[in-house]
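Worksheet: one structure, shown below.
Please read these numbers as outputs of a predicted model, since none were measured by experiment. Residue numbers begin at 1 in each chain, while the letters A, B, ... track the order of the sequences.
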Protein chains: 2
Amino acid sequence: MPETVATKTAVSKLEAKLKDSGARLTAPRRVIARVLGEAADHPDVEELHRRAQAIDPGISLATVYRTMRLFEQLGIVERHAFSAGRARYEHGGEEHHDHFVDVKSGEVIEFHAPEIEALQAEVAARHGYRILDHRLVIYVERIEPSDKKR
Amino acid sequence: MPETVATKTAVSKLEAKLKDSGARLTAPRRVIARVLGEAADHPDVEELHRRAQAIDPGISLATVYRTMRLFEQLGIVERHAFSAGRARYEHGGEEHHDHFVDVKSGEVIEFHAPEIEALQAEVAARHGYRILDHRLVIYVERIEPSDKKR
DNA sequence: GTGGATGCAAATAATTTGCAGCGCG
DNA sequence: CGCGCTGCAAATTATTTGCATCCAC
């Protein structure tokens with residue numbers, strides 16, 4: 001799937017959600033949505049601001065913060081706190097996934113594990129709970145072919 | 001196991017870890033360790049400071065911050081970011097557990113799930129990683145006996 | 001004794017907000 | 001053509017740090 005299509009889809013989905021919530025589809029929001037749609041990583045607000053400004057230099061940091069808060073409430077993005085410091089975002093909406101954080105490189109890798117999620121639901125039920133959402137972050141290091149433990 | 005014993009154990013463990021790292025066992029650190037040992041919940045820095053001051057009013061907020069950073073590095077506590085805002089802490093060292101967060105009450109409940117952890121290790125290995133640590137937070141709501149979905 | 005630890009206050013970092021003007025619906 | 005949205009700057013919140021003093025080793 002070409003980027004343009006993915007982006008277009010993301011924007012229409014955005015349009016629908018904004019309309020539903022009564023919020024307006026403004027130029028800054030379009031730009032930020034596009035930036036999010038094109039992001040393959042998990043950028044923080046500063047980075048989103050940088051990328052948004054590359055498209056429209058008039059966009060302020062405050063607007064990026066406000067927009068991320070709105071998008072999070074609308075379920076358009078997910079906020080993560082992988083480490084201390086700035087929060088990082090990714091466009092949600094697609095199928096759920098969790099994250100590996102490579103401790104050495106700082107890299108964040110997405111992965112799917114339906115088996116784990118099934119177990120979670122089971123454990124939650126055992127405790128009398130229904131799952132609304134979850135966050136699983138696994139801090140890892142790469143296993144080298146010739147690795148002797150550490 | 002009575003609280004006094006648990007607390008005493010925690011303090012001796014603390015003493016050992018501080019000695020190993022070359023850090024000093026000062027009065028504020030003793031107090032904060034005791035507060036952590038007696039905590040059944042997951043207090044934030046302000047709350048720890050409040051409790052520490054109840055024992056020794058001279059203890060400053062800065063020292064609580066510095067001590068929590070030290071304790072985290074020594075593996076004495078775990079830092080959590082259950083929600084935005086202040087970080088929350090718990091005394092680590094015991095067997096690992098994860099957390100339910102009751103979205104309605106804000107309550108944090110600990111749970112064990114070795115099955116889930118086994119699966120995590122398997123999934124990580126599948127991706128070429130070795131697990132160093134992990135964080136699983138499940139946001140839940142209580143299932144009422146007569147509950148019709150929402 | 002002496003270097004690490006503390007308290008205090010001031011400094012940073014991360015995020016939010018008040019307000020006047022602008023533009024989407 | 002009004003009310004929500006924006007930019008800017010100032011305000012808040014969370015955490016860190018410089019410095020003089022203090023005390024654990």
Polar side-chain atom of [X] near backbone of [Y] as donor-acceptor pair, under 3.5 Å:
{"X": "A:His112", "Y": "A:His96", "value": "yes"}
{"X": "A:Arg29", "Y": "A:Arg24", "value": "yes"}
{"X": "A:His49", "Y": "A:Ile59", "value": "yes"}
{"X": "A:Arg88", "Y": "A:His42", "value": "yes"}

Answer with base, sugar-phosphate or nothing: what part of the nucleic acid does A:Ala84 contact at a heavy-atom distance below 4.0 Å?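 The residue A:Ala84 makes no contact with any strand.
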Take the protein atom [atom1] of [X] and the nucleotide atom [atom2] of [N], then report the distance between them rounded to whole Å.
{"X": "A:Asp44", "N": "C:dT15", "atom1": "CG", "atom2": "P", "value": "8 Å"}
{"X": "B:Arg86", "N": "C:dA13", "atom1": "CZ", "atom2": "C1'", "value": "16 Å"}
{"X": "A:Arg79", "N": "C:dA14", "atom1": "CZ", "atom2": "C1'", "value": "11 Å"}
{"X": "B:Ile32", "N": "C:dT6", "atom1": "CD1", "atom2": "C1'", "value": "11 Å"}
{"X": "B:Leu18", "N": "C:dT6", "atom1": "CG", "atom2": "P", "value": "10 Å"}
{"X": "B:Glu72", "N": "D:dT15", "atom1": "CD", "atom2": "P", "value": "11 Å"}
{"X": "B:Lys19", "N": "D:dC25", "atom1": "NZ", "atom2": "P", "value": "7 Å"}

Kindly give the heavy-atom pair with the smallest separation between A:His134 and A:Leu136, and that separation in Å.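 A:His134 and A:Leu136 have their closest heavy atoms at CD2-N, 4.1 Å.
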Minimal non-hydrogen separation, B:Leu36 against B:His91, with atom names: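 Closest pair (atom of B:Leu36, atom of B:His91, distance): O-ND1, 3.3 Å.
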How would nucleotides 20-25 of chain C be written as a contact map, 5' to 3', with B for base contact, S for sugar-phosphate-only contact and - for no contact, using protein heavy atoms under 4.0 Å? ---BBS
Please list residues of residues 53-71 of chain A whose heavy atoms come under 4.0 Å from any atom in DNA chain C, ordered by number; otherwise none.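 Within this stretch, A:Ala62, A:Tyr65, A:Arg66, A:Arg69 sit under 4.0 Å of the strand.
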Would you list the pairs meeting salt bridge (Lys or Arg N to Asp or Glu O under 4.0 Å) in which at least one residue belongs to residues 113-127 of chain A, sequence neighbours left out?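 Checked against salt bridge (Lys or Arg N to Asp or Glu O under 4.0 Å) - neighbours excluded - the pairs reaching residues 113-127 of chain A are A:Glu115-B:Arg126, A:Glu122-A:Arg126, A:Arg126-B:Glu115.
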Compute the centroid of each ring, for A:His127 and then for B:Phe100, and state whether the two points are separated by less than 6.0 Å.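 Ring-ring flag for A:His127/B:Phe100: true, centres closer than 6.0 Å.
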Whether B:Phe82 and B:His99 hold their rings parallel, tilted or perpendicular, with breakpoints at 30° and 60°: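 Aromatic pair B:Phe82/B:His99 classed perpendicular.
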